[in-house]
Amino acid sequence: MISRIKGTNDIIEDSRIWEWLEGKLKNVALNFGFIETRTPIFEATELFNRSVGNETDIVQKEMYTFEDKGNRSITLRPEGTAPVMRAFIENNLLSKGLPQKLFYYGPMFRYERPQAGRMRQFHQFGVELIGSPLPIADAMTILLAIEMLKAIGLDKFKLKINSTGDEKCRPNYVEALKAYYKPFFNDLCDDCRVRYDRNVLRLLDCKKDAKYAENAPKITDYLCHDCKVHFDKLRKYLDEMEIEYEVDPSIVRGLDYYTRTVFEFKYPSLGAQDAIGGGGRYDRLIEELGGPKIPSIGFAFGIERLILALEEEGKLPKAEDLDVYIVSIDEDQRIEALKVASALSRYFKVDVDVMGRNVKGQFSYASKENARYTVVIGEEEIRTGLYTLKNMKTGEQSKVRLSEMIKEINGAK
RNA sequence: GUGGUUGUAGCUCAAUUGGUAGAGUGUCGGACUGUGGAUCCGAAUGUUGUGGGUUCAAGCCCCACCAGCCACCCCA
């Protein structure tokens, strides 16, 4: 038997849940005036090297990269922002004016060791608000995310925010961090000794060396005037919208393109993979990809993780019941049953036997599928044109014409 | 990529020191030939994750691989 690749999943009976969730998220985005972008699932490797960052774990060890038959280096997208920005530049969306409000949905790929909530092919729903440097854009983006979580009914999440500064103030902070960690350098874990040079911010969220992080200098104390004002305004906006959040200096994010605001939505009971969504501002990304200098902000939710969280809260949608099941008494009425099913299917969710089951078997099936009504068709019904309609909850039966049936079933709804 | 743990019917899980692979549940059928849910009866379904090895004999012991889960790591 050939089985699926590690870290991937077949969605079969749960497709109902996925459709529901995708629909909810999409609706909120559309209502806020965002439009959908669909970009290719693979891109030139260079796109991610330049945007996500050469020194990040994603680029260093997690990308599905291969050469195609034309010797081009191709990578299955590990995240959604860089491709959307590439599309923004390539299609000259700037000419349509700012802001551009875009969303995307689809599979992402990262070569990681799978566990619950961490897949090699996973799905993100993401939003990008392109063009505004103002903190009100940050507030709108976060608000949008909160509205989405509300729309799907999720409660027990926590919003954490931080500022990572910009090109003016971050270097100072990096220096301060390096100076702070230097005396402990030999005590740090192997990973952290490497990170010290590559990206010292990452030391802050290392679980092994957490004891050093407590007293480490905080980025919020090193922000330049502009970054500090930006961050303070965002916090004020969030307060005014009564959005609860926590400033968490350990939120640094693993992608290099972030500037200023970063945030994560945590769902603590999910265990180690507890980030259900995250995002931030990327004021220099478009420029770094060869486009104009346009500041932007965005975020993405992980669909698999949202489903895990919804499952915990018992908020997954229930299977939709059948409205009508059409029972045929024997072989002779099969085709009439199918015709009735066809007529009723314009109004209701219907089903009909295709297994050649006897009457009892058909009723059992209707019952198992929670059919609200059954229509029984036998020799007599065909002769008189009066069908037997049974309410499966009360057990009551009546004889009705097809034309009356629709009213009757609707009336009981 | 590192460490740990698990893998037996569709699902949940049994199987003593190595000695005939089982139960519950679900599925299908019957009791009830034009009426479901309850009850009773019956039936089908297994390469015990895969491949090697040890043994008279392996679900059980050994090795490798595969997959899930937990943690690291990383993030969605």
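Letters A, B, ... are given to chains in the order of the sequence lines, protein chains preceding strands, and every chain is numbered from 1.
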Student: Keeping to residues at least two apart or across chains, list the side-chain hydrogen bond (donor to acceptor under 3.5 Å, both in side chains) pairs with something in residues 57-67 of chain A.
Tutor: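 For residues 57-67 of chain A: T65(A)-T75(A).
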Student: Taking ring-ring contact (aromatic ring centres under 6.0 Å, His included) as the definition, give me every residue that meets it alongside Y258(A), ordered by chain and number, with sequence neighbours left out.
Tutor: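 Y258(A): no ring-ring contact (aromatic ring centres under 6.0 Å, His included) contacts found.
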Student: Only pairs under 3.5 Å count here: list side-chain donor-acceptor contacts from residues 6-13 of chain A, not counting sequence neighbours, and write none if there are none.
Tutor:
from, atom 1, to, atom 2, distance (Å)
T8(A), OG1, I5(A), O, 2.6
D10(A), OD2, R4(A), NE, 3.2

Student: Could you tell me whether K228(A) and D232(A) have a side-chain N and a carboxylate O separated by less than 4.0 Å?
Tutor: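 Here K228(A) pairs with D232(A) in a salt bridge, since their nearest N and O are under 4.0 Å apart.
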Student: By nearest atom, which of the nucleotides C75(B), C74(B), G29(B) is closest to the Q273(A) side chain?
Tutor: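 So the side chain of Q273(A) is nearest to C74(B).
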Student: Taking ring-ring contact (aromatic ring centres under 6.0 Å, His included) as the definition, give me every residue that meets it alongside H230(A), ordered by chain and number, with sequence neighbours left out.
Tutor: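 For H230(A) there are no ring-ring contact (aromatic ring centres under 6.0 Å, His included) partners, ignoring immediate neighbours.
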Student: For nucleotides 36-46 of chain B, read 5' to 3', which letter fits each nucleotide if B means a protein heavy atom sits under 4.0 Å from the base, S means only the sugar-phosphate is that close, and - means neither?
Tutor: BB---------
Student: Can you tell me, in whole Å, how much space there is between the C1' of G18(B) and that of C60(B)?
Tutor: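 Nearest-Å result for G18(B) against C60(B) at atom C1': 7 Å.
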Student: Any base atoms under 4.0 Å from E381(A), or only sugar-phosphate, or nothing? Heavy atoms, all strands.
Tutor: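 The answer is base, as E381(A) lies within the cut-off (heavy atoms under 4.0 Å) of a base atom.
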Student: Contact class for M108(A) (heavy atom, under 4.0 Å): base, sugar-phosphate, or nothing?
Tutor: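 Counting heavy atoms under 4.0 Å across all strands, no contact is made by M108(A).
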Student: Which salt bridge (Lys or Arg N to Asp or Glu O under 4.0 Å) pairs, counting each pair once, include a residue from residues 337-353 of chain A, with sequence neighbours left out?
Tutor: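 Sorted pair list: R334(A)-D353(A).
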Student: Test: salt bridge (Lys or Arg N to Asp or Glu O under 4.0 Å). Region: residues 296-305 of chain A. Which pairs qualify, not counting sequence neighbours?
Tutor: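 Listed by first then second residue: nothing to list.
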Student: Please collect all salt bridge (Lys or Arg N to Asp or Glu O under 4.0 Å) contacts where either partner lies in residues 248-271 of chain A, sequence neighbours excluded, each pair once.
Tutor: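 Output for this query lists K160(A)-D248(A), D166(A)-R260(A), R253(A)-E264(A), E264(A)-K266(A), K266(A)-D274(A).
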Student: Which donor-acceptor pairs under 3.5 Å do side chains of residues 144-154 of chain A form with protein atoms, sequence neighbours excluded?
Tutor:
none

Student: When you look for runs of 3 or more Watson-Crick or G-U pairs in a row, both distances below 3.5 Å, which of them include RNA chain B?
Tutor: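 If one scans RNA chain B for consecutive Watson-Crick or G-U pairs, the stems found are B:1-7 with B:66-72, B:10-13 with B:22-25, B:27-31 with B:39-43, B:49-53 with B:61-65.
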Student: Under 4.0 Å between any heavy atoms, over every strand shown, what does N370(A) touch: base, sugar-phosphate, or nothing? Just pick one.
Tutor: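 Since no nucleic acid heavy atom lies under 4.0 Å of N370(A), the category is nothing.
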Student: Please encode protein proximity along nucleotides 1-10 of chain B as a string of B, S and -, counting only heavy-atom distances under 4.0 Å.
Tutor: BBBB------
Student: Pairs in or reaching into residues 33-43 of chain A: which pass side-chain hydrogen bond (donor to acceptor under 3.5 Å, both in side chains), with residues at least two apart or in two chains?
Tutor: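 Pairs touching residues 33-43 of chain A that pass the test: K26(A)-E36(A), E36(A)-R38(A), E43(A)-R86(A).
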